[in-house]
Amino acid sequence: MDAIKRNPEIARALLSKRRAVAHGLIESARLYPRWKAAAEREGVESFAENNLAVFVDYMIKAFEEGNEDYLSLYAGEKLKQRYDRSVDQNVLAGIFAAELAKSRHVFYTNVADTISVEASAVLVETLNRIEKTLTSEAVKTLNVLWIADCIYLDIQAFLLQRAAEMRISLEIALVTTKNVSARIQEIQKLAGEKKFDVVFYSPLSYEFSLDFAQFQNAKSVLKNTFDKQQAVASAVQDIGLTLDCIVKNVECDVFVHNTSNLIRSENTLKDRVKFLATSRARKLSRDAVNARIAQLIEQCDQTAFGSVLLIDETLLAGKVGEWRASQYFHKSALQHPARLGALLAEVYADIIFVESWLKPVKVVVADLDNTLWSGVIGEGAVDHFLDRQKTLRLARTKGILLAINSKNDSKNVHWRGGILDDSDFVSKQINWDPKPQNMMLIQKELNLKFRNFLFLDDRAEEREMVQLSIPDVLCLDAESDDTWRRLALWANIAKNSGEIDRTEMYKQRAEREQFTNLEIDPGALMAQLGLEVRVREAKQQELPRVTELINRTSQFNCCDSRVTFREIQNRSKDGGWKIYIADARDRFGEMGIVSVLVARVGNEFVDIDAFVLSCRVFGYGMETAVLKRLAGDYKEVPIRGRIIETSVNDPCRNVYKDHGFSDEGNNVWLLHPKSEIILKPWLTVV
């Protein structure tokens, strides 16, 4: 939202009409069925003061201080006011638009005759901007599991408006119970019912841990009425159990707060005394528990499907000072957002942008001048943006592909003094052609969908041309600090699967395709490729990649298999299951993991539960090596495989027939004990 300027004239007028505006808002609030019932239940005076006066208060503060945080709070309250799962969402959208328009009218008509024409225009324009933001259609929906006490209300008050600006709708499932056993059961239940895109866990916010909250009680601290070490140990134990439950039940990124251990304050002398009296105990306990939280995060990140990362409350509070971070923006019976919530909302906003908009990106296509360096390289020396290049280099190490789309003379382009160089890019379109045309060439070269492309450019008109020509491409402003802060977060969040360098893999693929297009006898051609495959049981750290390959493979997926990370983890620990992977290489380099086979081992049969093969090795005979390894490990037991036909899995329909399995009917195929499977002559098993 655009920054608001101080306007004491509007602030004074709204203050003088506070009650009248609040009562005027009752009519618009009654458009919502639940608020209509609440108004009748509570009575006009109480309902207006408890639920509606806050809108006037936030507007007064916004114009009094010139602080857009209050506009965010206003917008957040409007979005919370709208929330009602019992009403059809399309109907609710219409009510919401009508309510915003009526609210704007109430504000204007109550003060228009007491302020200048210019001030009236500013008030209406401000409310119009809020209305436009909140009624813009969301194009992304993010399913959020949020585990916290009432700090989520503080954060949500600021976050909802930011999400609306980014055209993201948040579907939030809350877990707020302080009882760790009940919390674990609730997380397991929710995770079993829904797939989440991101998890936020604030283990020590406010009084979420009753033991740890004692450090904020001045009497308890000064009189030593509790065991401080036990309070820390108890908090850490609960966090460990909760975090273990989270990573075992969800397949997404998890963000865990440490604790700033702040006491919310109304900025009174009494609050100041309490703050100082507990300062030392809060710091010691904070340092102790935060060290353990960091260890727990590191441990869980090793086995989680997504990344497990820290949200550092202490760092955020330190930016403004602990005392200021602890203070309320506003305090009433139902609304009490603290400044720490606003600081956290900025971090949350970046995270939800990354999870919604950047997670699908596989290719970053960047301009050069004033994007990766400052200046125009054809006109003389340039200053490299080292932080930006460092971010893109990190993204590359996590498997993101980099490409160039720049209007330049390629002879002028160099990387002296930079962090990136030519070898970091899989495609370079450096010419004077239209950038949408270059984008088409890059897409054709890489054979990836445009929805997986991000385009970075400093010029608005270039971004607009690409966006209009190719709507699926995400276009971001290379001159925006928000862009690079979020890209840095994205690169940090991305988990390294431990596979081969994808940039090199794409370069090798181009060489491989050029070679295989030669007019040579196919058998001789394969022999010259120097194909090698290794089939082995998957390691623990490879299980996320195993899950991903099974779920993303469509063409060679014999059983149309889809699995959860938890299922794969459990099978890896169960002696009754085997998880095989195949990784391959040829004369051009490593290909990474190209096949997965999951088998259930019984006394009478070995059943193939999942069998997938990457399309990049079709025709090389890798599937033969995988089946030969399975048959060699279980020579005395019949092996059964199934083919579940889909609209796209033609490439695997005959895999069992071609390897000596007999047709048992109903798409079931059987390999008899001691059957021999012959490798392709050009393939070497290592």
Side-chain angles (χ1 to χ4, degrees), residues 1 22-44 47-48 50-52 54-55 58 71-107 127-147 150 152-153 155-176 186 189-200 252 334-335 345 348-349 352-353 355-357 471:
M1 191 174 292
H23 278 256
L25 292 173
I26 293 175
E27 182 184 354
S28 59
R30 279 177 170 158
L31 294 172
Y32 297 107
R34 71 185 183 99
W35 288 109
K36 181 179 179 181
E40 293 170 356
R41 184 174 61 251
E42 295 179 28
V44 168
F47 180 74
N50 289 337
N51 298 284
L52 303 176
V54 65
F55 293 109
Y58 286 154
L71 297 185
S72 294
L73 287 169
Y74 178 97
E77 283 298 323
K78 282 293 180 188
L79 288 165
K80 284 195 286 182
Q81 188 182 45
R82 167 186 170 157
Y83 183 84
D84 190 342
R85 287 295 174 199
S86 67
V87 179
D88 180 89
Q89 295 305 295
N90 291 325
V91 173
L92 201 56
I95 294 174
F96 186 53
E99 193 279 328
L100 288 172
K102 281 182 175 290
S103 292
R104 169 168 41 85
H105 182 70
V106 168
F107 272 93
L127 290 164
N128 278 340
R129 281 194 290 113
I130 295 172
E131 190 175 334
K132 182 178 179 181
T133 296
L134 299 187
T135 55
S136 62
E137 185 180 357
V139 295
K140 296 281 187 177
T141 298
L142 201 69
N143 291 311
V144 180
L145 177 58
W146 204 334
I147 306 160
C150 61
Y152 88 86
L153 289 171
I155 299 169
Q156 187 183 42
F158 299 96
L159 181 63
L160 291 177
Q161 172 262 328
R162 289 167 171 79
E165 285 184 333
M166 296 184 289
R167 305 184 71 188
I168 299 169
S169 172
L170 301 179
E171 295 288 337
I172 299 171
L174 288 170
V175 176
T176 59
E186 195 168 346
K189 180 176 182 294
L190 287 168
E193 296 171 347
K194 191 173 192 178
K195 185 179 185 302
F196 290 101
D197 300 307
V198 64
V199 176
F200 295 113
C252 61
L334 299 179
Q335 295 88 17
Y348 273 54
I352 66 172
F353 184 90
E355 297 289 343
S356 299
W357 288 105

Check your understanding: Which heavy-atom pair separates K102 from S28 by the least distance, and what is that distance?
Key -> CB-CB, 3.6 Å
Review point. Ignoring hydrogens and geometry, is there a side-chain-to-backbone donor-acceptor pair from R41 to F47 under 3.5 Å?
Key: no
Check your understanding: At what distance, to the nearest 0.5 angstrom, does CG of L79 lie from OH of Y74?
Key -> 11.0 Å
Study note, to complete from the structure: Rounded to the nearest 0.5 Å, the CH2 atom of W35 sits from the CG atom of L25 at a distance of 12.0 Å
Practice item. Output, in order, the C-alpha distance, side-chain angles, deciding distance and verdict of side-chain contact (heavy atoms from CB on, under 4.5 Å) for L190 and F196. Key: CA-CA 9 Å; L190 287 168; F196 290 101; 4.1 Å; yes
Review point. Does a sphere of radius 6.0 Å around NZ in K36 hold more than 12 heavy atoms from other residues, nucleotides or ligands, not counting ones at 6.0 Å or beyond?
Key: no
Check your understanding: Under 3.5 Å, side chain of D197 to main-chain N/O of N143, donor-acceptor pair present?
Key -> yes
Practice item. Look at K78 together with E131 and state whether they make a salt bridge at an N to O cut-off of under 4.0 Å. Key: no
Check your understanding: Looking at side-chain heavy atoms only, is the closest gap between W357 and I168 below 4.5 Å?
Key -> yes
Practice item. Quick one: pull up CD in E186 and CG in L174 and give me the separation to the nearest 0.5 Å. Key: 9.0 Å
Practice item. Take I352 and F200 through the side-chain contact (heavy atoms from CB on, under 4.5 Å) test and state the conclusion after the steps. Key: CA-CA 11 Å; I352 66 172; F200 295 113; 4.2 Å; yes
Exercise for review: State which residues pass salt bridge (charged side-chain N to carboxylate O under 4.0 Å, His left out) with K194; sequence neighbours excluded, sorted by chain then number.
Suggested key: none
Review point. Between A345 and L159, what is the shortest heavy-atom contact and its length?
Key: O-CD1, 3.9 Å
Check your understanding: Looking only at heavy atoms, which two atoms of G24 and V106 are closest? And how far apart?
Key -> O-CG2, 3.5 Å
Exercise for review: Side-chain contact test, heavy atoms from C-beta onward, threshold under 4.5 Å: evaluate it for E42 versus N51 and give yes or no.
Suggested key: yes
Practice item. Show your working on side-chain contact (heavy atoms from CB on, under 4.5 Å) between Y152 and I172 and close with a plain yes or no. Key: CA-CA 11 Å; Y152 88 86; I172 299 171; 5.9 Å; no
Review point. Take atom NE2 in H105; do more than 12 heavy atoms of anything else shown fall under 6.0 Å from it?
Key: no
Study note, to complete from the structure: To the nearest 0.5 Å, atom CG of L31 lies from atom CD1 of I95 at 7.0 Å
Review point. Given side chains that start at C-beta, do those of W146 and I155 come closer than 4.5 Å, heavy atoms only?
Key: yes
Check your understanding: Can you name the nearest heavy-atom pair linking M166 to A349, along with the distance?
Key -> CE-O, 3.4 Å
Check your understanding: Are there more than 12 heavy atoms of other residues, nucleotides or ligands under 6.0 Å from atom CD of E193?
Key -> yes
Practice item. Please examine the side chains of L92 and R82, heavy atoms only from C-beta on, and report whether any two atoms are closer than 4.5 Å. Key: yes
Exercise for review: Report yes or no: does E355 contribute a side-chain atom to a donor-acceptor pair with the main-chain N or O of F353 at less than 3.5 Å?
Suggested key: no
Check your understanding: Per the side chain to side chain contact (heavy atoms under 4.5 Å, CB included) rule, which among H23, Q81, E77 passes with L52?
Key -> Q81
Exercise for review: To the nearest 0.5 Å, tell me how far R162 CZ sits from L170 CG.
Suggested key: 12.5 Å
Review point. Salt bridge (charged side-chain N to carboxylate O under 4.0 Å, His left out) with K140: which residues, sequence neighbours excluded?
Key: none
Study note, to complete from the structure: Shortest non-hydrogen pair, L160 vs K80, comes out as CD1-CG, 3.9 Å
Study note, to complete from the structure: So CZ of R129 and CG of L71: to nearest 0.5 Å the spacing works out to 6.5 Å
Practice item. Might you point out which heavy atoms bring Q161 and G76 nearest each other, and give the distance in Å? Key: CB-N, 4.5 Å
Practice item. Answer yes or no: does atom CD of E171 have more than 12 heavy-atom neighbours from other residues, nucleotides or ligands under 6.0 Å? Key: yes
